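On a predicted model such as this, the values are computed, not experimentally measured, just so you know. When a residue number appears, it is its place in the shown sequence, counting from 1.
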Amino acid sequence: MINTPYSGSAANIPRGIVVANGEQVQGLISFSVDNNNFFQADTFRVVLALSAQPKGRGFDYWALQESLQMELYLGFPSDPNNYGRSDLTRFLLGYVDDIEFDPNGNTVTMAGRDLTSRLIDYKRTITFNTKPLVASDIVTQIAKERGLTPVVTATSVASKSVESGSYYQIVNSLVESNATYWDIITKLAQIEQFQAYVTGNELHFEPRTPKETNPYVIHWQKQNVFGDPVFSNAQRLMFSRNLSIAKDLRVRVLSAGLKTKQTVNEVADRKRVKNKTTSSVSQSTEPPQEYVYNIPNLTPAQAQKRAQAILTTLSQHEMNLRAEMPGDLILKPQNIIEVRGTDTAFDQTYYPSSITRTYSMNEGFVMSITAKNQTPNNPT
């Protein structure tokens, strides 16, 4: 495991810093950073006290700003009364999208996104000259063109999940379409079964985190016969299960070819695996829960791959976890979370959807987590 869930809470004092256009801001009330998974931009929200702004940085100054680059830092400095940026961890680098003023409440609130916005907000303007087209070369070229540092794992012409000829057609249609840079990157990541995300000024394009990776552990120990209290490294822990998705699942992909005038109909199924106890009990005779998707211009192989991918995504929404915890610097959306100690089916691995860290002068440093997966005896 990458954390220490069984130890008592550390007596560390959290500190936070917000930097706007290279200068540390004053009057910080709170800020939050939401690190997202699943090909979304990380977002932030900063609240400042207007009355605490230094001379020349009041209401009128902030109202006239047209571009604000923000850096948000968090950490546990050895000296909480004397610290700087080098003593903390930068959790986000991005730009303000919206700024809101509340003169009566004496606050200015700024919200924005990390540098993924450089890819989301821009459509393709460059020509990809690599022959043959290779995903990693395309992503590297995009990163450099948009001022990001590429951290890219090399790929080959033929994807693991798509035939070589089909792969070329898919990639070629992506780069020739009127798509944003982020659309191109995320589609390539899905084809290669990679993960793509921006951290700081780095664009990462790399294999997905394997299931065997050391997990971040959330432990919950119920009250024992001796009356010892419940123990958990989470302040609040909640589970849910989608019973519709828990049924047998079927994904059907229909695809009509504009040129061939032929219709492709491919199906991917997931059958519930019954354990020894339930196998002797009356089983449901309901048909599978079916989801139908119409996606044009796919070959049978492409449609089958797409159906399998959608089936996997749907399955991962069955088991859900929400946790509220003291803030730490360890957990990232690319990590795997493992729950232990409940002695139920919820003791399993989960994939983070969102990790929101909040620092405020009143509540200190806390984080909330949402994660999901399928039940362990439900293979995709």
Side-chain angles (χ1 to χ4, degrees), residues 1-20 23-37 42-54 70-94 96 100 102 105-114 199-200 216-221 229-238 321-333 335 337 339 352-371:
M1 69 188 75
I2 61 175
N3 61 326
T4 53
Y6 308 107
S7 62
S9 59
N12 294 327
I13 301 177
R15 288 292 182 262
I17 288 176
V18 173
V19 175
E23 296 186 28
Q24 183 174 339
V25 302
Q26 303 299 316
L28 177 63
I29 296 176
S30 67
F31 70 78
S32 61
V33 176
D34 188 4
N35 299 121
N36 294 292
N37 209 334
D42 290 346
T43 59
F44 67 89
R45 185 173 183 271
V46 176
V47 182
L48 306 178
L50 281 170
S51 61
Q53 299 306 302
M70 307 295 284
E71 299 174 75
L72 279 64
Y73 293 82
L74 277 168
F76 300 93
S78 56
D79 184 353
N81 297 315
N82 183 21
Y83 61 94
R85 297 184 225 178
S86 60
D87 301 303
L88 308 176
T89 298
R90 188 175 71 180
F91 267 96
L92 187 139
L93 170 66
V96 172
E100 178 180 276
D102 182 0
N106 185 39
T107 61
V108 53
T109 301
M110 291 171 276
R113 297 166 292 167
D114 69 358
T199 178
Y216 181 97
V217 174
I218 295 178
H219 180 73
W220 188 89
Q221 182 64 54
V230 170
F231 170 79
S232 177
N233 57 325
Q235 295 166 325
R236 191 177 184 191
L237 191 57
M238 293 152 283
L321 160 72
R322 288 187 295 152
E324 297 175 3
M325 308 180 65
D328 66 36
L329 310 178
I330 302 171
L331 182 61
K332 299 178 182 179
N335 294 133
I337 296 173
V339 171
S353 303
S354 174
I355 304 166
T356 302
R357 290 177 169 88
T358 301
Y359 173 81
S360 73
M361 302 304 293
N362 295 327
E363 299 181 4
F365 180 18
V366 296
M367 67 182 184
S368 60
I369 303 164
T370 60

Legend entry - Any donor-acceptor N or O pair under 3.5 Å, side chains Ser353, Asn37: no

Legend entry - Step-by-step side chain to side chain contact (heavy atoms under 4.5 Å, CB included) determination, Arg90 to Val19: CA-CA 10 Å; Arg90 188 175 71 180; Val19 175; over 6 Å; no

For the atom pair [atom1] ([X]) and [atom2] ([Y]), what is the distance rounded to the nearest 0.5 Å?
{"X": "Ile330", "Y": "Ile355", "atom1": "CD1", "atom2": "CD1", "result": "11.5 Å"}
{"X": "Leu92", "Y": "Tyr73", "atom1": "CG", "atom2": "OH", "result": "11.0 Å"}
{"X": "Asp87", "Y": "Arg15", "atom1": "CG", "atom2": "CZ", "result": "12.0 Å"}
{"X": "Asp42", "Y": "Thr356", "atom1": "CG", "atom2": "OG1", "result": "9.5 Å"}
{"X": "Asn35", "Y": "Lys332", "atom1": "CG", "atom2": "NZ", "result": "9.5 Å"}

Inset, instruction - Would you please indicate if the ring centroids of Phe365 and Phe76 are separated by under 6.0 Å? - result: yes

Legend entry - Sequence-distant partners of Arg357, salt bridge (Lys or Arg N to Asp or Glu O under 4.0 Å), two or more places apart: Asp328

Inset, instruction - Can you establish whether the number of heavy atoms outside Arg322 located under 6.0 Å from its atom CZ is more than 12? - result: no

Legend entry - Atom CE of Met361 with >12 non-hydrogen neighbours under 6.0 angstrom: no

Inset, instruction - Would you please name every residue forming a side chain to side chain donor-acceptor pair (under 3.5 Å) with Arg85, sequence neighbours left out? - result: none

Inset, instruction - Test side chain to side chain contact (heavy atoms under 4.5 Å, CB included) on Leu48 and Val18 and set out the steps. - result: CA-CA 10 Å; Leu48 306 178; Val18 173; 5.5 Å; no

